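A quick write-up on the structure given underneath.
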Protein chains: 2
Amino acid sequence: MFIEIQTNSSVPIYLQLAQQLIEGIARGELKPGNSLPSVRAFAADLGMNMHTVNKAYHYLEEKEFIQIVAKSGVIIQPNGIPKATAQEQQKLAEQIRPLIAEGLVLKLSEEEMVVMVRQLVQNIKEGTS
Amino acid sequence: MFIEIQTNSSVPIYLQLAQQLIEGIARGELKPGNSLPSVRAFAADLGMNMHTVNKAYHYLEEKEFIQIVAKSGVIIQPNGIPKATAQEQQKLAEQIRPLIAEGLVLKLSEEEMVVMVRQLVQNIKEGTS
DNA sequence: ACCTTTGTTCTACTTCTATTGTAACACATT
DNA sequence: AATGTGTTACAATAGAAGTAGAACAAAGGT
């Protein structure tokens, strides 16, 4: 699992880390039950503070993508991550909505945006940018 | 153009305003050349500060969706908003990407997400939630 | 039993964001 | 000339975000 952090990005470090871990899960590189590095080891590895990694972990725990076992370690949801509930899907849609609206203003057609989504799915699964 | 602001939302007021104006443009309710209220009038109307409206306007100006004519007023891009450049489309894709990745982790299929996007397009065009 | 490693917690500091407010300015429009 | 416009400046408050160091309690390995 290669992590690349852009220190000059407007996206906070902990979020970049969390998002890349999410992509790792989506890609199947991180499977249910797999353990993640300790906050200290990961932080040292990535050259960042322990709290930053910790924040990323808790972000993922809130989404129930991982389990943080106190004084033990962090693992990807061992029983597999359940399919999105209607509520989760709704929340996702709400987040995507303003971006779709912006696409419409920029005269992108529905089809073009569908293609964009399909392309993104492929890129994520392949781990390409 | 009805604006609804959720004061308890985590989305800042100025952004909510900007996003709703964007939807207004996407919906065709706000056409090229149409003028928008003055920062003072709009602020009074919406019960917010002048600077907050001003911030929303500048957010939209940065995206070149509107023109702010100093000492005169604010209008929707009079010559029409040009189609997204490759760069703009790329930027949009980058913003959508983490959300798609999250959808994948939540076991949403490519098709389900495509349906979600199509639904969003319709909702935006109809002005429904 | 001892030691290392683990996530947790507390405290702390700095920076940035968001929002509101007042006031004055320069220029269009009427 | 008066009004209305966005701009700018200065100010203040509240809160969140980001990063950081140190100590703590318990799990795990030896």
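These numbers were taken from a predicted model, which means no experiment stands behind them. In what follows, chains carry the letters A, B, and so on, assigned in the order in which the sequence lines appear, proteins first and then strands, with residues in each chain numbered from 1.
Relative to the side chain of A:Tyr14, the nucleotides D:dA22, D:dG18, C:dT19 differ in distance, and D:dG18 lies closest. Distances were taken from every side-chain heavy atom of A:Asn49 (C-beta onward) to each of D:dT19, D:dG4, D:dA27; the shortest belongs to D:dT19. Comparing C:dG7, D:dG6, C:dT20 against the side chain of A:Val39 picks out C:dG7 as the nearest. When the nucleotides C:dT22, D:dA25, D:dG28 are ranked by their closest atom to the side chain of B:His51, C:dT22 comes out on top. Across C:dT20, C:dA24, C:dT8, the shortest atom-to-atom separation from the side chain of A:His58 is found for C:dT8. In the set D:dT8, C:dT8, D:dA27, D:dT8 carries the atom at the smallest distance from any side-chain atom of B:Met50. Among the nucleotides C:dG7, D:dG18, C:dT19, the one closest to the side chain of B:Ile13 is C:dT19.
Heavy atoms from other residues, nucleotides or ligands lying under 6.0 Å from NZ of B:Lys83 number more than 12.
Side-chain contact of A:Glu94 with A:Gln90: a donor-acceptor pair under 3.5 Å is present, judged by distance alone. Of the N and O atoms on the side chains of A:Gln16 and A:Glu4, not one donor lies less than 3.5 Å from an acceptor on the other residue.
For the pair A:Leu60 CG and C:dG7 P, the interatomic distance rounds to 14 Å; values are reported in whole Å. The separation between A:Asn54 atom CG and D:dA22 atom P is 17 Å, rounded to whole Å.
Judged by closest nucleotide on DNA chain C, A:Ala70 is the one of B:Pro12 and A:Ala70 placed further toward the 5' end. In terms of position on DNA chain D, the residue among A:Arg40 and A:Ser72 whose nearest nucleotide sits closer to the 5' end is A:Arg40.
At D:dT7, none of the side-chain N or O atoms of B:Lys71 fall inside 4.0 Å of OP1 or OP2 (strictly under the cut-off).
Using a cut-off of 4.0 Å between Lys/Arg side-chain N and Asp/Glu carboxylate O, B:Glu29 and B:Lys125 are scored as not salt-bridged.
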